[in-house]
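Numbers restart at 1 for each chain; the letters A, B, ... are given by sequence-line order, proteins then strands. Because the structure is a prediction, the values reported are computed rather than measured.
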Amino acid sequence: MGGGRRRNLLMSKIYGLGCGKASFKEDHSQIGGPGFSRVVHCNEPSSFEAGIHSYSDNYVSTTKYNVATFLPKSLFEQFRRVANFYFLVTGILSFTALAPYSAVSAIVPLIIVIGATMMKEGVEDWRRKQQDNEVNNRKTKVHRGDGNFDHTEWKNLRVGDIVKVEKDEFFPTDLLLLASSYDDAVCYVETMNLDGETNLKLKQALEVTSSLHDDYNFRDFKAVIKCEDPNANLYTFVGTMEFEEQQYPLSPQQLLLRDSKLRNTDYVYGAVVFTGHDTKVMQNATDPPSKRSKIEKQMDLIIYLMFGIVFVMGFIGSIFFGIETDNDLENGRIRRRWYLRPDNSDIFFDPRRAPAAAIYHFLTALLLYSYFIPISLYVSIEIVKVLQSIFINQDIHMYYEETDKPAHARTSNLNEELGQVDTILSDKTGTLTCNSMEFIKCSVAGTAYGRGVTEVERAMDRKKGSPVREQNGLNHVEDSADTPAIKGFNFKDERIMNGNWVNEPRADVIQKFFRLLAICHTAIPEVDEETGKISYEAESPDEAAFVIAARVLGFEFHNRTQTSISLHELDPISRRTVDRSYKLLNVIEFNSTRKRMSVIVRDEEGKILLLSKGADSVMFEMLAKSGRDFEEDTREHMNDYADAGLRTLVLAYRELSENEYKVFNEKFTEAKNSVSAERETLIDEVADTIERDLILLGATAVEDKLQNGVPDCIDKLAQAGIKLWVLTGDKMETAINIGYACSLLRQGMKQIIITLDAPEIQSLEKTGDKNAIIKASRKSVLEQIASGKTQLSALSAMSEAFALIIDGKSLAYALEDDMKQSFLDLAIGCASVICCRSSPKQKALVTRLVKTGTGKTTLAIGDGANDVGMLQEADIGIGISGVEGMQAVMSSDIAIAQFRYLERLLLVHGHWCYRRISSMICYFFYKNIAFGFTIFLYEVYSSFSAQPAYNDWYLSLYNVFFSSLPVIAMGVFDQDVSARFCLKFPLLYQEGVQNVLFSWRRIVSWMFNGFYSAIIIFYFCFRALEKPAFNDDGKTASRDIFTGTMYTCIVWVVNLQLALSISYFTLIQHIVIWGSIGFWYLFQVVYGYLPPSFSTDAYRVFVEALAPAPSYWFITLFVVIATLIPYFLYNAIQMRFFPMYHGMIQWIRHEGLSDDPAYVEMVRQRSIRPTTVGFTARRAASRREASQRRN
Amino acid sequence: MADMNRERHRTRETAFYLFTQQSLPACKPVLTPGWVITIFLFMGLIFIPVGLITLRASHSVVEIVDRYDTECVPEAFRIDKISYIQDDSIPKNCSRFMKVHKYMKAPIYIYYQLDNYYQNHRRYVKSRSDKQLLHGQKYHDTSSCQPVELNSGQPIVPCGLIAWSLFNDSFTFIRERAELKVNRKNIAWKSDRDHKFGKNVHPFNFQNGTLIGGGKLNPKIPLSDQEDLIVWMRTSALPSFRKLYGRIEEDLDADDVIVVNLMNNYNTYSFGGKKKLVLSTSSWLGGKNDFLGHACVIIGSSSLILAIVFTLLHLKYRRPHGDTSYLPWNRKSLSG
C-alpha cells in the first residue's frame, strides 16, 4: 500500500518551510535534567526500561466521582453549602434532648432534600462517564510487532507504542511524527480543537526517519526519545532522539498533539510520547471553573441575613427565658410557677443554673427557628433550573435542523444569569460568520459584476420592507433558493456566467482576471477518483473561494506539480476548453507586512508573468502609470463592497522581460538561501523591486459569510441595551469588514483605532532593541488611549457614536495593570469595541477586565478552542456547536447551533428564567418568614420555652408538601409576557440587567411582607380564639385547635399570595396551588386518624373539632383575605399608576393594542434608550444625515 | 425555516408540544382598574354584612365573669396568700354571688379561667405519656413524664406535670335555695375519652409524693371517665385560657342571683395568676367575642373606601401607557 498513492510532491517546496531544520539550541542541553526527564523507548513499550518509568496509560477520566468516592465526596459537596450544613447540625442536634421536636420529623426532609440533590449529581456524573468511555474506546492502529499493525482502543496505548493514524482521524495521544505518506515526511494537521485555527498546519518528521514508509519498516525500528516532562505549553517541545546511535534534536515540528486531526495526508506513523492526562491538551484542561450566578450569590447573602435574624430572635428569646426561669426558684424554694416543678429540673430548665439553661435554650431556639431558612430552597432551585434547561433544550426555535442540533444547556446553574447579561464578548470566525468565504462580487476593468445579495443588504432590505412580508416567511423561501449550490461560490451574473464573458467589451481583461485567480494561490487540488470532481485544500477559506470561482467561470485549476500549474481554460476565440500549463517560477508568499501575494509563471507562449493580488492599501501604490485605467471605478466599487461587509482584494499583473526576471531570480534565491536573521526582510526587499509598475485588472469581493440572521440578532440585542464586543484573531481589516457587515460599525461612526503599526515603532522593531520597543509601544498606546478619551468627552455631547478598534499588540499593553482602567473607560464609552489579532489569552483577559472592571454580567460566545479561556472566564460561556470542534462546546455552559439563537436565549429564556428565579427566591423567603415568625410570636406567649407552635410533622412538612410545588411551578412556568412580546419589546431585558426584580429593596419588601403576614395571622387567630368558646358546644380552643387554625391560614395565605404574584395560569398552576391547599386538608384527616401515639396532639383534631366548627372556616376566610389585602392593593396601584416595563406590555396585550403597529412603535420608541449600534441605529443615522443635507 | 413551520403545524395539536414550547393555553389576568374596583366593592359588600351577622351572634351570647381569687382569701391572709393556699388546715370554702343580668338559655356553660398560667410551657407540654394514659401501668417507658414519673419506686398513673397540676377548685351553684344541677359529663372531646384515655386504666400512686400539686383522682374511676382530667390535659394554647367545667341545663332568668359555693384550692397566687368563674351561653359561632365582627366590618368598610378612592384616582389620572418615566432604571437616571 501507500507507494502507489503516495504523491511524489515535496510539499515543503511549495510552502517555504521557514522553520526548516531543527538544530540543537540551548534548550537541548537541559535534557535529562529536572523537568526534562522523560525517556521513551520507541517500539518496545513492554521492555524493562519502559517498565521502570511506568508512565500513565491513555485512559482519560473527567468524572468527578467514582463508586467509592461518590458518597463521601458528594455529601461533602452538599454540606459545604452553609444552609445545608446548618440543617445537618440541626438534624444531629434533633437527636439530643435539646430538640423541641422529634428527630425523625427533622431528619426526613433533610434526607429527601439531600437525596434529591445527590441523585442529580450522580446522574450528571454518569453521563460524563459515558462520554469518557466513548473517547477511551475509540480505535486506532498500533504496532504489534513484526510489522503488523492492529486496531486497539485508545485507552490501551502506552508510551513507546508506534501508532499509525490515517486520514481524518484524531491523534490518540501526543505522538512524535516518524514518517508520513509523503516522501519528505510532512503531514497536515488541523488543530481546531486546540487553538481554534482552521487552517492546516504542516508538520515534518526528522529526515532520518522519513523513509519508514511502510508497516514492515517498523519490525526492527528502535529509538530512544528523551524529552521534557508533561507540561501545558502547546507550542514548545524539547527533546532528542537517539536513532542508530546518533542524536537528533526534536522540536514542536515533530510533535502531533492529541485531539488534533490528520488532514490531507493518507497516513502517518508516530511514536507515543505522552499519554492520557500527560498529553498537552489534557494538561491544558483546567477544571472548568464552577460558575454561580449573581442571583445565587446574592441569595447566599439573604441566607446569612436570615441566620442573623434567627440568631437575634434566639438571643432575645434566651434572655427572656433565662430571666423567667431564674425567677421560678428562690433560695432553693419554689417561688413562682410551681406547676413546672422548678425544684426538680434538668439542666435545660433549671433555675439554679439559669444562665446555662439560657445557653441551651439558645441552641434549642436555633433548632426551632430553622424554619426561617427554607430547607428546600436549594433543591427546589436545582429542580427548577433543570426543568428550565429542559425547556431551553426543547425550544424548537433554537433547534437547527441542518445539523440536527438543539440548544443544549450544559449546566443549569446559569439560567437566570442569562437574563442579566450586560456585555457580550463574541468571537468572530464561526460565531458571527460561518467561516465559509463566498465569492460574491468582482469589479473587472471598471465594471462591477455580481448580483448576489449579502446578508447585511438583506437585513437592511428586510427592515425597510413591510413587516407582513417577513412574517409570511417569504424571505425564508428565498433564502433556501439562494443557498449556493457550490460551497464558496455565490456569484450570480448572467453577463459572465456560462462563458458569456467572452462577449463582454473587455473580455481580454476578464480572461486575465480569472486566470490570475486560478494561478495565484497556494491551494492543492484533490481529484476525486470516482467522480472526477475537484476539490481544493487551501490555507485559508478565501483562497479556496477564489479557485472555485475561477473554476466555475471557466478556469479550472486541476493539477499542481512542483514546477507547474495546469488549468482547463475556456478559450475566448474558439470557445472550447483547452488545457494549459503554466510553469511555476516563484511564489512570493503572503505575510502581514506585505499584505499581498505574487506568483511568477511562464505561460505556454514563453511570456513571464507576475501575477499579484493584495490589499488595496498596498496594491494601488504599486500600479504603473499606464496601469491605472480603471482605478477610479475600481476604488468606488471597493468602497461599496467594504460597506456591504465584503472582503476585497485588488488583482494586478505585469509582464516581465527575461532579463528582468533573471536579475530578480538571482537576488531572490540568494535572499531565500540566506540564513541570517534578516532573511525575511531581505526577501521582502527583493520582492519589492519586482512588484511594481503593475497593471490593474480589478478587484474581488468575498463575503465572509455571516451566519443566518446575525445582523438581525445583533440589532435586537443592541435594542435590548446589551453591548457587543468582538474579539477576534483576525486581521484588523477583516474585523472591520465584519464590523460593517453586522452593523457594529457604520459610515460616519467615529472610529478610534489603537494600533502599533506606526512607522516609528516599525522602524524600532527592525533594530530589535526589545526594551526600546516595549517602552515606545507602551507610550504610544497610552497616548492613543488618552487621545481617544479626549475625543470621546469632546464629542459625546453631540450624541456621536464611537467605535474602538484595537489590535492584539496594543491590547497587550492596554491590558497591563496601570493602563487597563483607562482602556476600560474608553471602551465603555464606545458603542462598539472590536479587538483584532487577539490571542486566546488576551480574549480571556479582556473578558476578565470587563467582568471585574464593570461588575456587570458578561457573556462570551465562541466556537473554537481558542475561545475556551474566554468562555470559562466569562460569567456565561456559550459555545456554538455548529462546526466540528467540540472543545468550545465542552467548556461552555450552554451550547447553541447558531449565533442568532442568542436572541431568543437571552431575551426570552434569559428574561423568563431571571424573573422566575428571582421571584421564586423572594417568595421562598417570604413564605418561610410568614411561617417561622408565627413560631416566634407563639414563643412570646409561651414564656420563650421553645415550645413549637405546631405539631412536629406540620412543621417539617410545611416546606416539603404544603408550599413547595406551587413555587416550583412558578419557577418553571411563570411568564410575565409571552415570548412574542419579549422579542417585540427587547428593552424588557433591561429589567434583568438593572436587576430590578432582585434588588435589595424588593427582597426586603418581600421579607417585610412575610413578617407582616405572620403578625396578622397570629394576632387575628389569637384574638379570635383566645378565651371564649369556639364552637356551639361550648368547647374552648386548646393548643391543637389554635395552631391548627393558624396553620390552615398560613397554608392558604402563602398559596394565594403566590397566585396573586404570578400572571400566568395554566392548568398546572391551578392543580398545584389548589392541590397544595387541598392536600393540607387531606393530610389533616389522614394524619389525624393515625394512632395518637404517632399523631400526638393532632389526633382527630380536624375531623372532630375544626371541621364541624363554623368559626374555623370563617376565621380562615377572614384572616386570609385580611392578610392579602395590602399586597393586592400595592399590586393594583403599581400596575395602574407605576407599571414596570413588563406591566406596560401586559397592558398593551390586554387592551389588544399589540396589533396596532403605530402604537406599539410609539411605546417602543419611547422606551428605548438611544441605541448606538445595529442596523436600526444605522438607518436612523442615515436618516439624520439625509435630513441634515436637505437643510 | 419553512420546514420548521411545517413541523410546527404538524405537532401543533399535541398538548405536549405546547408544553415543551411553554405556550400552553393560559389565563393571564391583568389587574385592570375594573377588576380591582370590583374586587374591593365585592369584599366590602360581603364583609360588612358578614361582620354584622357575626356581631349579632356574639351579642346574643350572655356571659357572666367573676374573679374570685382575691376575694376568696380571708382578709387576714391577704398579705401572704401563698401560705394560706398551702396550709391544708385552713378551710378553703368560699361563697360568691353572681347576678344574671339577662335571660340565659340553657345550656349554660361553666368555665374556669386562669391567667398567666403557662400550660404551653415546653417543659409542661412534654411532661405526659400518651401511651400510659391509654395502657396504664402496662406501659413502662414513662421517661417523658419527668419529673413526675415515679414515687417511691412505683410508677404514677397518670404521670407527668400536667396531670400532677390538675385544677382542683370546685363549684356548686344555688339559685333560690335550690342547688342547680350541673352536668359534668361530656365536657371533654369524645376522641380523647375513647382513644386517648384508657377505659381500664385507673389512677395509681397519684399525688402520693411529698409535694402535692393539684387535684386528686378517685382511683375507682377509670381515666376515660375522669373528664376533669381529660379537659385539663388538653393543654391550652395561650397563657390566659378558659376550660369547661360543666353545664347548667336550666334557663336562668334576668335578675336571678346565683350563689356559688366554691373550694378555693388551686394555687395561682405564687405566680400571680388570676382565677375567674365564667357562666356563658353560646351561639353558632361559639362564645362572646366581638373581635371578628368588628374586624370584619372594619375591613369591609375600608374595602369600600379603597374602591371609591381607586375609582377617583383612575378617573383623575389618565396614564399614557407608553410613559416610561416611572421605569425603575429611568427613575434612577433621573435622580442620579
Side-chain angles (χ1 to χ4, degrees), chain A residues 100 336-341 344 349 391 394 396 401 473 476-477 941-943 945-947 990 994 996 1023-1024 1026-1032 1034-1039 1042 1063-1066 1092-1093 1099-1100 1104 1110-1111 1118 1122 1131-1132 1135-1138 1141 1144 1146-1148 1150 1162-1163 1166-1167, chain B residues 1-5 20-22 24 26-31 33 36 109 113 118 120-125 130-131 147 161 165 189 191 195-196 213 234-244 267 270-271 282 284-289 291-292 296 299 306 319 321-322 324 326-329:
Chain A
R336 282 174 67 239
R337 297 181 293 188
W338 56 268
Y339 53 89
L340 296 176
R341 286 297 294 271
N344 178 11
F349 297 98
F391 277 134
Q394 289 284 338
I396 193 95
E401 212 164 51
H476 308 315
V477 178
Y941 290 90
S942 65
S943 93
S945 59
Q947 169 62 30
Q990 281 294 316
Q994 315 272 347
V996 177
R1023 292 297 306 277
E1026 199 181 9
K1027 282 172 233 149
F1030 95 107
N1031 67 3
D1032 59 348
K1035 301 272 200 308
T1036 54
S1038 51
R1039 226 175 64 76
F1042 174 70
S1063 43
Y1064 182 77
F1065 287 90
T1066 63
S1093 56
Y1099 183 68
R1100 298 207 180 170
E1104 188 183 29
S1111 56
F1118 169 71
N1131 227 5
M1135 186 66 187
R1136 172 61 183 80
F1137 299 104
F1138 319 102
Y1141 199 65
M1144 283 186 209
Q1146 285 171 353
W1147 277 119
I1148 292 174
H1150 180 77
M1162 183 191 83
V1163 172
R1166 294 186 74 143
S1167 56
Chain B
M1 273 315 251
D3 282 350
M4 214 181 267
N5 271 334
T20 57
Q21 298 310 310
Q22 308 193 57
L24 281 175
C27 156
K28 301 169 188 169
V30 174
L31 276 183
V36 174
Y109 297 95
Q113 176 177 337
Y118 287 93
N120 56 8
H121 195 282
R122 183 157 67 101
R123 177 169 163 80
Y124 190 82
V125 173
D130 281 333
K131 290 226 169 99
L161 279 174
S165 61
W189 293 101
S191 66
H195 302 285
K196 275 191 162 173
R234 190 119 171 181
T235 51
S236 72
L238 297 162
S240 294
F241 58 91
R242 285 178 192 173
K243 282 186 183 289
L244 195 54
N267 177 8
S270 348
F271 50 88
S282 85
W284 60 276
L285 258 184
K288 188 174 190 62
N289 190 345
F291 170 75
L292 270 181
C296 258
I299 299 266
L306 283 175
R319 180 186 56 79
H321 290 312
T324 55
Y326 288 109
L327 283 182
W329 53 90

**Message:** If you define the side chain from C-beta out and look only at heavy atoms, does anything of A/Tyr1064 sit under 4.5 Å from B/Cys27?
**Reply:** no

**Request:** Side-chain contact test, heavy atoms from C-beta onward, threshold under 4.5 Å: evaluate it for A/Arg341 versus B/Arg123 and give yes or no.
**Result:** yes

**Item:** Closest non-hydrogen atom pair, B/Arg242 against A/Pro1028
**Value:** NH1-CA, 3.7 Å

**Item:** Within the 6.0 Å centroid threshold, strictly below: A/Tyr339 and B/Phe271
**Value:** yes

**Asked** Relative to chain A, which segment of B/Leu24 carries a heavy atom at a distance below 4.5 Å: side chain, backbone, both, or neither?
**Response** both

**Request:** For side-chain contact (heavy atoms from CB on, under 4.5 Å), just list the numbers for A/Ser1093 and B/Lys131, CA-CA rounded to whole Å, side-chain angles, deciding distance to a tenth of an Å, and then say yes or no.
**Result:** CA-CA 7 Å; A/Ser1093 56; B/Lys131 290 226 169 99; 3.5 Å; yes

**Item:** A/Glu1104 side, atom CD; B/Ser191 side, atom OG - distance, nearest 0.5 Å
**Value:** 3.5 Å

**Asked** Mind checking whether A/Phe1065 and B/Pro29 have side chains closer than 4.5 Å, heavy atoms only?
**Response** yes

**Fill in**
Honestly, the part of B/Ser282 sitting under 4.5 Å from a heavy atom of chain A is side chain

**Asked** Under a 4.5 Å heavy-atom cutoff, which of B/Leu244, B/Leu306, B/Leu161 has the most pairs with chain A?
**Response** B/Leu161

**Message:** Between A/Arg1136 and B/Leu31, is the side-chain contact (heavy atoms from CB on, under 4.5 Å) condition met? List the steps.
**Reply:** CA-CA 8 Å; A/Arg1136 172 61 183 80; B/Leu31 276 183; over 6 Å; no

**Interatomic spacing from CG in B/Leu285 to CG in A/Asp1032 - rounded to 0.5 Å** = 9.5 Å

**Asked** Rounded to the nearest 0.5 Å, how far apart are NZ of A/Lys1027 and NZ of B/Lys288?
**Response** 14.0 Å

**Request:** Measure the shortest side-chain to side-chain distance between A/Lys1035 and B/Tyr109 over non-hydrogen atoms and say whether it is less than 4.5 angstrom.
**Result:** no

**Item:** Main-chain N/O of B/Ser236 paired to A/Arg1039 side chain as donor or acceptor, under 3.5 Å
**Value:** no

**Item:** Any A/Leu340 side-chain heavy atom under 4.5 Å of B/His121 side chain
**Value:** yes

**Complete:** Residue from A/Ser942, A/Pro100, A/Ser1111 scoring the most non-hydrogen pairs under 4.5 Å with chain B is A/Ser942

**Request:** Please flag which part of A/Arg337 lies under 4.5 Å from any non-hydrogen atom of chain B: side chain, backbone, both or neither.
**Result:** both

**Prompt:** Between B/Gln22 and A/Gln394, is any pair of side-chain heavy atoms under 4.5 Å apart?
**Reply:** no

**Asked** If every non-hydrogen atom of B/Ala237 is compared with every non-hydrogen atom of A/Phe1042, which pair is closest and at what distance?
**Response** CB-CB, 3.5 Å

**Message:** Is there a side-chain contact between B/Phe241 and A/Thr1036 in this structure, where contact means two heavy atoms from C-beta onward sitting under 4.5 Å apart?
**Reply:** no

**CA sep, side-chain torsions, deciding dist, call: A/Phe349, B/Arg122, side-chain contact (heavy atoms from CB on, under 4.5 Å)** = CA-CA 10 Å; A/Phe349 297 98; B/Arg122 183 157 67 101; 3.9 Å; yes

**Asked** Would you call A/Phe1118 and B/Leu292 a side-chain contact if the rule is heavy atoms closer than 4.5 Å?
**Response** yes

